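Keep in mind that this is a model prediction, so the values were computed, not measured. Both ligands and their constituent atoms are indexed starting at 1 by order of listing. Positions are given from 1 along the sequence.
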Amino acid sequence: MNPRIFKQKGYLLLVSSILLITLGSVLYLSNLRFQQKISRQLYSTEQKNNDLQELNTLQLKALKDKRGYQLRGEDRLLNSYLSQKEKAAALARKTAREFREDSLSPSIVQLMELTQQRFQDWDQQLHYLASLTPEEAARKLQAGYQQATQLSEQWEQQYAAIQQVLTRRIQELAAEQERLSILNNTSFIILLVVVAGLMTWSVYAIRHQDYLKQQHDTTLRINAAARASQQEFSAAFEFASIGMALVALDGSFMRVNNSLCKLLGYTNRELKALSFQDITHPDDLNRDVDFVNQMLEGTIENYSMEKRYIHKDGSLIWVNLSVSMVNHADGKPKYFISQIENITELKSTQEQLEANAVKFRGIFNSAMQFIGFLAPDGTLLDANHTMLDFAGIRIEEVKGKKFWDCYWWQKDEETIENLKHAISEAAAGETVVYEVVVLGKEGAEMPILFSLKPLVDASGKVVAMLPEGRPIKEIVQAREQLVQKNEELEQFASMAAHDLKEPLRMVGNFMSLLKTKHAAQLDEKALRYIDFAINGSNRMSRLISDLLDYARLGSEHFPFEKIDPASLLKEITAMNDSLITQQSASITWTHLPRITGQKIAIQLLFQNLVMNALKYQVADHKPEIVITGADAADYWHFTIRDNGIGIPAEAHEKIFQVFSRLHTKDKYDGTGMGLATCKKIVGIHGGRIWVESSEGKGSSFHFTISKTAHE
Ligand code: ADP
C-alpha cells in the first residue's frame, strides 16, 4: 500500500474518531447535566416531602404537648407546645415558599391554611382551659371537638394527597435518574472503548507506517543500488582495460567492449556477428568448449584458461580467459561473462625466460668450473654437474645442507673456518677468492681457485651467493715448477756471479800488474789495450755485482724490520760524500715516515734513485735532490725529485726493465740494472714504482711501500 494513501486514511480515521469522541463527549456532558438537573429536582422534591413530613411531625408533637397540658396542666408542656407551634409556623412559611412555583402550590396553600386553622383551634382550646372553669371549658371543648376532628381529617386528606403526588414524582424522577445514569455509563464506556481503540489503532498505524516507510525506503534503496550497480557494471565493462564480453549460450558475442575490439582488430558490430568458436585457435577450441559444457551442466561455476585467439589480420594473440555465468532467477543459465587479458607479451617473455633457463642450465652444467648457488646463510641451493660428478653424488644428497657440511671439503678446522668466513664475507657483499683443495670420488683431490661472489637484487641486498671453483691443477703444477726453476736460476745466477767475479778479478789484477811492471817494454797502443781490458773487467765486475744484488733479492729472505729512511739517506750521502761535494749537489729531505721493510733492499732502493739523480745531470749543473715521504692510506708514498736531464715520456715504462738504458756508457756510465732492481724491491714490499718526467725538466721518481706487506 502506498504509505501516503495509508497516511491520508490514517488521518481521516483520526479526524473522524476525534469528531466521534467530541460528539460523544458533548452528549455525555449534556446527559450528565440533565442527570444533575433531575437529581436536583429529585432532591428538592424529597426536601419538600421531608418538610411536609416534618410539619406533620411538629403538629403531632404540638398536639401531644397540648393534650398533655390539658391533662396535667404542666407549664413545661405548654411551653413545648408553643415552641412546636412556632417551628411549625416557620416551616409552613418555608414550605409555602418552596412550593410557590410548584403545580402543587394551591394544595399546599390550602394545607397551610388548614395547619393554621388547626393551631388556632388548639390555641382556642387552651384559652378555654385558662379562662373558663373546667366544666365550661370541657363543654366548650366538647362543642369544638367535631370541628377539630374535621380539621384534622381535612389536613390528613390534603397531606396524603400532596404526599401521594410527591411520592409519585420522586419515583418518576428516581426512575429517570436511573435511566440517565445507565445511559451515561453506557456512553462513557463506549467513549472509552472508542478512545482505547483509537489509541491502539494509532500505535499500530504509526508502527505500520514506519514499517511500510522502511519497506518503501528499502525498495528505493535497492532500486537505486541496482541502478548504480548496473551503471557501474556498464562503466566497468565499457572502460575496462582488459577485454570483456557477454557471450550467449551458443557462443555468439552479445556485447563486447572496446578493449576486446581493439585486441582482436574487429569493430563492435563485426565482433557481435561472430562467436567465440569463430575466433579461437583450433588447437584450443576443444578445451574451451569442454569447459563451457561443464558450466552448462553445472559441474563448474567458472573457469580460466590460456588460449589463442585469431586476430582479424590472422596473427595469433595469447590471452588469459576467465569465464563465469549469469543465471536467470530460476537458476537456468542466461549468458556468460568473459574477461580476456592479453598475455602475448607475457607469453613471449615466458618463452624467452624458458629459453634462457635452458641456456643457463646448459652453461651451468657444462661449465668446466665447479659452480653452485648458496643462500646467504650458506645453505646449498644448487650445484652444477661438474661439481656433482666430481664428487660422484646427486643434488638431492647435498641440497639444503650447509655448504661447509657438504662432501667436497676436507673436514679439518682450517678449511671449514676459511669457508665459513668466506660465506659470511660474501653475505656482507664482498667477493672472496682463495685457493683450496676439494675432494672428489675415490679419494680424488683437486686444487681449485675458489671464488665466492654475492648476487644482489635491485636494492643491493644479497639474495644468493655464487661459489665457483676453477680447477688449477696445471697452474699449480706449473707454478711449482716455475718456483723451482726460479730458485734454481737464482742459485745459478748467484753461483755464476760468484764464480765469474773471481777470474774477472784475476784478469783485472794481472792486467794492472802487467801495466805497472812492464810499462816500459810496452808501446802506447799496448798500454791502451790494457786500459780497455781493465775497464772492461771493472764494468763486468759491476754488472755481475748488480746482477748478484738483483738475484739475491729474490732468493735470500731478508727479515722485515723497522726502518728510518732518514738515517739510511744519511749513510748513503756519507758514503758518496766526495761525489756530492765534487758536484756541489744538494740532497734534502724532511719528516720521512718510518717504514717496515727489508733494510738492505730499501737502502739499495734509495741509493739507486739518489745516485741516478746525481748521475743524470748536464755537465757542471748543480744537482738539487729533494726527498719527501707521505702517508697514503695503506701505503707510504716516497718521491725523489731531481733537476736532471729528464726522461722522454715514451721511456717511462721501459727504464724499469733489466739492462734498459737510454744512454751510451760514454755519456753516462751504468749497467741498466738499477731501476729494475728498484722495481723488484718495491714489488717485494707490496708497492709500485713510476716516474713523472719530461726531457730537460728533471724527474720525480715515486714509489710506494705497503704498510702491511710484511704481515
Ligand atoms: P743505469 O745503470 O743506466 O743507471 P738504471 O736502471 O738505473 O740503469 O736506469 C735506466 C735508465 O734510466 C738510465 O740509463 C737513464 O737513461 C734513465 N734514468 C734513470 N734515472 C734517471 C734520472 N734521475 N734522470 C734521468 N734519467 C734517468
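- Residue contacts with ligand 1: Met611 is excluded, as none of its non-hydrogen atoms falls under 4.0 Å.
- Residue, atom and distance of the protein heavy atom nearest to atom 10 (C) of ligand 1 are Ser660 O, 3.2 Å.
- Here the heavy atom of the protein found nearest to atom 19 (C) of ligand 1 is Asn612 ND2, 3.4 Å.
- With sequence neighbours excluded, the residues forming a side chain to side chain donor-acceptor pair (under 3.5 Å) with Tyr616 are Arg661, listed by chain and number.
- Among protein heavy atoms, atom 5 (P) of ligand 1 sits closest to Leu675 N, 3.6 Å.
- The distance from ligand 1 to the heavy atoms of Ile645 drops below 4.0 Å at these ligand atoms: 25 (C).
- Protein heavy atom in closest approach to atom 3 (O) of ligand 1: Arg661 NE, 2.5 Å.
- Here is the list of ligand 1 atoms found below 4.0 Å of a heavy atom in Ser699: 24 (N).
- Taken from OH in Tyr550 to CZ in Phe659, the straight-line distance is 9.5 Å, to the nearest 0.5 Å.
- Contact analysis leaves Gly644 out of contact with ligand 1, as no non-hydrogen atom separation drops below 4.0 angstrom.
- Residue-ligand proximity: Gly646 is placed with a non-hydrogen atom under 4.0 Å from ligand 1.
- Within 6.0 Å of NE2 in His311 there are more than 12 heavy atoms belonging to other residues, nucleotides or ligands.
- Side-chain atoms of Thr415 and Asp412 form a donor-acceptor pair, as typed in the model, at a separation below 3.5 Å.
- The main-chain N or O of Phe656 is never found under 3.5 Å from a side-chain atom of Ser660 such that the two would form a donor-acceptor pair.
- Here the protein heavy atom with the shortest distance to atom 12 (O) of ligand 1 is Ile655 CG2, 3.5 Å.
- Not close to ligand 1: Asn608, with no non-hydrogen atom less than 4.0 angstrom away.
- When only non-hydrogen protein atoms are considered, atom 16 (O) of ligand 1 lies nearest to His663 CD2, 3.0 Å.
- Using modelled atom types, one finds a donor on one side chain and an acceptor on the other under 3.5 Å when comparing Gln617 with Asn643.
- Ile647 CG1, 3.3 Å is the protein heavy atom nearest to atom 26 (N) of ligand 1.
- At a 4.0 Å heavy-atom cut-off, ligand 1 does not touch Ser693 at all.
- Under the 30°/60° scheme for interplanar angles, the aromatic rings of Trp408 and Phe403 are found to be tilted.
- The backbone N or O of Ser537 sits nowhere less than 3.5 Å from a side-chain atom of Ser541 that would complete a donor-acceptor pair.
- The aromatic rings of Phe450 and Tyr434 sit perpendicular, their planes meeting at an angle over 60°, well past the 30° parallel limit.
- Those atoms of ligand 1 with a heavy atom of Leu662 less than 4.0 angstrom away are 14 (O), 16 (O).
- Summary of contacts: the protein heavy atom closest to atom 8 (O) of ligand 1 is Gly672 CA, 3.2 Å.
- Of all atoms in ligand 1, numbered sequentially from 1 with element shown, those under 4.0 Å from a heavy atom of Lys615 are 1 (P), 2 (O), 4 (O).
- When Phe656, Phe701, Tyr616 are checked for heavy-atom proximity to atom 24 (N) of ligand 1, Tyr616 turns out nearest.
- The proximity of Asp642 to ligand 1, defined as any non-hydrogen pair under 4.0 Å, is limited to the side chain.
- With hydrogens and angles left out, the side-chain atoms of Glu692 and His702 include a donor and acceptor closer than 3.5 Å.
- For the residue pair Lys399 / Thr379, no side-chain donor-acceptor distance below 3.5 Å is found, with atom types taken as modelled.
- The CD atom of Gln350 sits 5.5 Å away from the CD atom of Glu354 when rounded to the nearest 0.5 Å.
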